[in-house]
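A short worksheet on the structure shown next.
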Amino acid sequence: MGIQRPNLVAQVHKTKTSCRPDSVAVPGGKALIGTARPLIQGDGEGPLRQKKVKPFRMKTTTVSNAEFAEFIAATGYITEAEQFGWSFVFHSDVPKSIGKTRSAPGTSWWRMVEGATWRDLNGPKTGEVAWHEDHPVVQVSWNDAVAYAEWCGGRLPSEVEWEHAARGGLGDVPFPWGDKEPDDDTFLPCNIWQGRFPTHNTGADGWKNTSPVNAFEPNAYGLFNMVGNVWEWTSDPFRIPSLKKKTKDRLAAMKGFKLLKGGSFLCHRSYCYRYRVAARIGNSPDTTTPHQGFRVVWGEV
């Protein structure tokens with residue numbers, strides 16, 4: 001988000017476990033990536049193409065707080081937000097007791113809050129209200145996600161694996177359930193923003209922040225929340241194949257960024273219309289926010 005942090009190296013523990021809770025087999029073969037109907041041209045959503053993938057297993061949900069807590073207890077791992085001493089918090093979730101905070105450049109709704117971590121999502125002692133065992137772990141960086149995945153005997157999915165799994169065999173559809181567009185009132189199949197971003201969220205889908213990792217209906221492969229709820233880190237770098245100078249300049253400023261997929265509870269069509277299968281963003285691997293999480297895949301079925 002444009003904030004330079006010190007070059008700290010996350011503590012990676014070699015102790016592994018054979019955990020593979022609630023995972024499903026995803027078939028291999030020719031997988032679709034991208035879309036023939038790109039909506040945010042500068043993000044590299046198109047063109048639609050095919051890539052061959054091997055069968056793999058994917059966790060049915062993003063990693064939950066309870067599961068991440070097991071990792072911490074087993075390894076003593078210290079997340080990057082804990083090492084840095086601060087993280088980003090959405091403006092309306094910053095406790096009044098915090099006082100003045102700095103904003104991220106260009107996005108006034110993101111505030112830099114000291115003491116915000118995966119336990120205390122919005123700052124010191126906020127975990128008593130905001131932290132839930134069955135919600136996705138957030139305030140975790142790409143480096144944190146990689147450390148957990150390796151400990152768990154797996155890895156982060158590639159972009160093509162993630163999209164292949166999210167489509168659930170439906171082809172070039174915008175959403176894991178098909179073509180029908182979510183709205184603010186009647187069709188609420190995922191956890192996104194309803195109302196006027198960034199000041200008024202009606203919470204019509206039942207949640208104003210994260211929801212449980214298994215909320216809403218799964219897709220045809222049995223995977224929950226492939227769009228909405230939290231952005232998901234992938235193993236890939238953020239790249240856009242383009243010869244346009246504007247895009248090249250943008251990518252130069254994002255050197256080393258990692259790719260995230262799926263959108264989050266803060267996405268709305270009026271602002272961040274990225275709760276779609278082909279949608280994509282990039283962020284620096286040390287960035288931590290309350291709407292970024294991850295899920296794990298395993299290479300063998």
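Start at 1 with the first residue, then count along the sequence.
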Aromatic centroids of H200 and W193 separated by under 6.0 Å
no
Compute whether any side-chain donor of one residue and acceptor of the other, for [X] and [Y], lie under 3.5 angstrom apart.
| X | Y | answer |
| --- | --- | --- |
| Q139 | S87 | yes |
| W162 | E232 | yes |
| D184 | H268 | yes |

Is there a side-chain contact (heavy atoms from CB on, under 4.5 Å) between T35 and V277? Walk through the geometry before answering.
CA-CA 9 Å; T35 179; V277 173; over 6 Å; no
With a cut-off of 6.0 Å (strictly less than), are more than 12 heavy atoms of other residues, nucleotides or ligands near CZ of R239?
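Counting other residues, nucleotides and ligands, CZ of R239 stays at 12 neighbours or fewer.
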For E114, does the CD atom have more than 12 heavy-atom neighbours from other residues, nucleotides or ligands under 6.0 Å away?
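It does not: E114 CD has 12 such atoms or fewer within range.
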Below 4.5 Å, heavy atoms only, C-beta onward: do [X] and [Y] meet side chain to side chain?
| X | Y | value |
| --- | --- | --- |
| D93 | N209 | yes |
| P124 | I98 | yes |
| D134 | N65 | no |
| F294 | T62 | no |
| H132 | P212 | no |
| L32 | E163 | no |
| Y271 | P198 | no |
| W110 | L266 | yes |

Atom pair [atom1]/[atom2] of [X] and [Y] - distance to nearest 0.5 Å:
| X | Y | atom1 | atom2 | value |
| --- | --- | --- | --- | --- |
| L170 | Y221 | CG | OH | 8.5 Å |
| D236 | K258 | CG | NZ | 8.0 Å |
| Q41 | I240 | CD | CD1 | 11.0 Å |
| R295 | L156 | CZ | CG | 11.5 Å |
| F265 | D205 | CZ | CG | 11.0 Å |
| N229 | C267 | CG | SG | 11.0 Å |

Test Y77 against Y148 for ring-ring contact (aromatic ring centres under 6.0 Å, His included), laying out the working first.
CA-CA 9 Å; Y77 183 86; Y148 177 95; 9.6 Å; no
So does [Y] get a backbone contact from the side chain of [X], meaning a donor-acceptor N/O pair under 3.5 Å?
| X | Y | result |
| --- | --- | --- |
| N219 | P176 | no |
| D120 | G115 | no |
| T234 | L259 | yes |
| S141 | E80 | no |
| E70 | E67 | no |
| T289 | H291 | yes |

Measure across [X] and [Y] and return the closest heavy-atom pair with its distance rounded to 0.1 Å.
| X | Y | result |
| --- | --- | --- |
| A81 | A116 | CB-O, 3.8 Å |
| W298 | C152 | NE1-O, 3.3 Å |
| G34 | L48 | O-CD1, 3.4 Å |
| Y273 | L39 | CE2-CD1, 3.2 Å |
| P285 | W233 | CA-CH2, 4.3 Å |
| W231 | S264 | CD1-CB, 3.7 Å |

Looking at [Y] and [X], is any side-chain nitrogen of the basic one under 4.0 Å from a carboxylate oxygen of the acidic one?
| X | Y | value |
| --- | --- | --- |
| R276 | E181 | no |
| R274 | D43 | yes |
| E45 | R37 | no |
| E159 | R280 | yes |

Using the rule that Ile, Leu, Val, Met, Phe, Trp and Tyr join whenever any side-chain heavy atoms are under 4.5 Å apart, tell me whether [X] and [Y] fall into a single cluster.
| X | Y | value |
| --- | --- | --- |
| V26 | I33 | no |
| Y275 | F187 | yes |
| I72 | V63 | yes |
| V89 | V140 | no |
| V160 | M58 | no |

Checking side chain to side chain contact (heavy atoms under 4.5 Å, CB included) against S103, which of M112, H91, R111 comes through?
R111
Working note: D183 + T186, criterion side-chain hydrogen bond (donor to acceptor under 3.5 Å, both in side chains); need CA distance, chi angles, decisive distance, verdict.
CA-CA 6 Å; D183 57 36; T186 59; 2.7 Å; yes
Is there a ring-ring contact (aromatic ring centres under 6.0 Å, His included) between W118 and F68 once you walk through the steps?
CA-CA 9 Å; W118 73 275; F68 198 75; 5.2 Å; yes
Taking it one step at a time, do W177 and F175 satisfy ring-ring contact (aromatic ring centres under 6.0 Å, His included)?
CA-CA 5 Å; W177 54 85; F175 309 108; 5.0 Å; yes
Could you walk me through whether L260 and Q292 satisfy the side-chain contact (heavy atoms from CB on, under 4.5 Å) test, starting with their C-alpha distance in whole Å, then the side-chain angles of each, then the deciding distance to 0.1 Å, before giving a yes or no?
CA-CA 8 Å; L260 297 105; Q292 289 177 182; 3.9 Å; yes
Identify the residue among F84, W86, F90 that makes a ring pair (Phe, Tyr, Trp, His ring centres under 6.0 Å) with F88.
W86
Given E161, which partner from the list R167, R57, K52, R155 fulfils the salt bridge (Lys or Arg N to Asp or Glu O under 4.0 Å) test?
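The option that passes is R155.
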Quick one, F216 with N225, criterion side-chain contact (heavy atoms from CB on, under 4.5 Å). Give me CA distance, side-chain angles, the key distance, then yes/no.
CA-CA 7 Å; F216 302 93; N225 293 315; 3.6 Å; yes
Would W151 and T75 satisfy side-chain contact (heavy atoms from CB on, under 4.5 Å), going step by step from the backbone distance to the final call?
CA-CA 9 Å; W151 171 79; T75 64; 3.6 Å; yes
